Trainee: 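Supplied in structure tokens, the structure appears directly below.
All values reported here derive from a predicted model rather than from experimental measurement.
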Amino acid sequence: AAGLPNDGPITQTMLSPDVLASHQATLELQARDEDRLAPQQEALSALEEELVQRHQRELAIAAERDRLRRELAGVGRERLDELRKAQSEDLARLDRETAA
């Protein structure tokens with residue numbers, strides 16, 4: 001392998017131990033930064049998920065409130081109709097009694 005033309009350039013591009021150590025330190029710092037950011041990302045995702053769930057609960061509550069409001073309005077109208085009918089029956093009976 002000693003006579004290959006590539007021997008020269010390869011030895012020239014080999015990094016010195018100092019450069020390799022510096023590069024290794026940089027990689028370790030980057031890995032440490034990523035490790036430190038990971039829990040923050042997880043916490044953020046958990047918060048976002050909680051916000052979405054809370055919003056869905058609020059929407060469900062609002063929908064139920066609207067449904068109940070409509071139902072009560074319906075009950076109110078029915079009750080009003082009953083009262084009007086009873087009132088008109090009472091008036092008709094009074095009319096008959098006074099006419100009699």
Side-chain angles (χ1 to χ4, degrees):
L4 293 176
N6 287 346
D7 280 358
I10 286 176
T11 45
Q12 285 173 5
T13 55
M14 279 181 64
L15 300 173
S16 71
D18 288 347
V19 173
L20 283 173
S22 166
H23 189 62
Q24 180 67 30
T26 302
L27 287 175
E28 286 171 6
L29 281 174
Q30 286 174 343
R32 206 173 303 146
D33 282 347
E34 288 169 10
D35 288 347
R36 200 168 57 240
L37 287 176
Q40 292 176 354
Q41 284 301 118
E42 280 178 28
L44 192 61
S45 296
L47 274 176
E48 288 169 346
E49 181 66 27
E50 191 179 321
L51 276 175
V52 167
Q53 288 176 354
R54 182 180 299 171
H55 187 61
Q56 287 173 339
R57 280 195 304 270
E58 288 170 356
L59 288 175
I61 289 169
E64 180 66 6
R65 191 182 300 130
D66 285 347
R67 188 190 66 75
L68 287 171
R69 194 176 290 134
R70 282 195 302 273
E71 189 178 306
L72 281 173
V75 166
R77 278 193 298 276
E78 286 174 22
R79 182 75 181 120
L80 214 58
D81 289 345
E82 288 172 14
L83 290 171
R84 284 196 185 116
K85 187 178 175 199
Q87 187 180 33
S88 66
E89 287 171 358
D90 287 346
L91 284 173
R93 191 168 28 84
L94 271 175
D95 282 348
R96 285 196 307 274
E97 287 172 4
T98 46

Trainee: Please tell me if the side chains of Arg36 and Asp33 come closer than 4.5 Å, counting only heavy atoms from C-beta onward.
Mentor: yes

Trainee: Measure the spacing between CZ of Arg57 and CG of Leu59 and express it to the nearest 0.5 Å.
Mentor: 11.5 Å

Trainee: Rounded to the nearest 0.5 Å, what's the gap from CG on Asp90 to CD on Gln87? Could you check?
Mentor: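 So the gap between those two atoms works out to 7.5 Å.
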
Trainee: So how far is it from Leu91 CG to Arg96 CZ, rounded to the nearest 0.5 Å?
Mentor: 11.0 Å

Trainee: Quick one about Glu34 and Gln30 (side-chain donor to acceptor, distance below 3.5 Å, no hydrogens or angles considered), yes or no?
Mentor: no

Trainee: Any salt bridge between Glu82 and Arg79, counting N to O under 4.0 Å?
Mentor: yes

Trainee: Got Leu80 and Arg84 here, is their nearest side-chain heavy-atom distance under 4.5 Å?
Mentor: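 Touching, per the 4.5 Å side-chain cut-off.
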
Trainee: Give a yes or no on whether a salt bridge exists between Arg54 and Glu50, defined as a side-chain N under 4.0 angstrom from a carboxylate O.
Mentor: yes

Trainee: Quick check against the 3.5 Å criterion: does Thr98 have a side-chain atom that pairs as donor or acceptor with the backbone of Leu94?
Mentor: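 Such a contact is found between Thr98 side chain and Leu94 backbone.
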
Trainee: Between Glu71 and Arg67, is there a side-chain N and carboxylate O pair less than 4.0 Å apart?
Mentor: yes

Trainee: Any side-chain heavy atom of Leu44 within less than 4.5 Å of one from Gln40?
Mentor: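 They are not in contact (no side-chain heavy atoms under 4.5 Å apart), so the answer is no.
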
Trainee: Working to the nearest 0.5 angstrom, can you tell me the gap between Glu78 CD and Leu83 CG?
Mentor: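 The CD atom of Glu78 sits 12.0 Å away from the CG atom of Leu83.
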
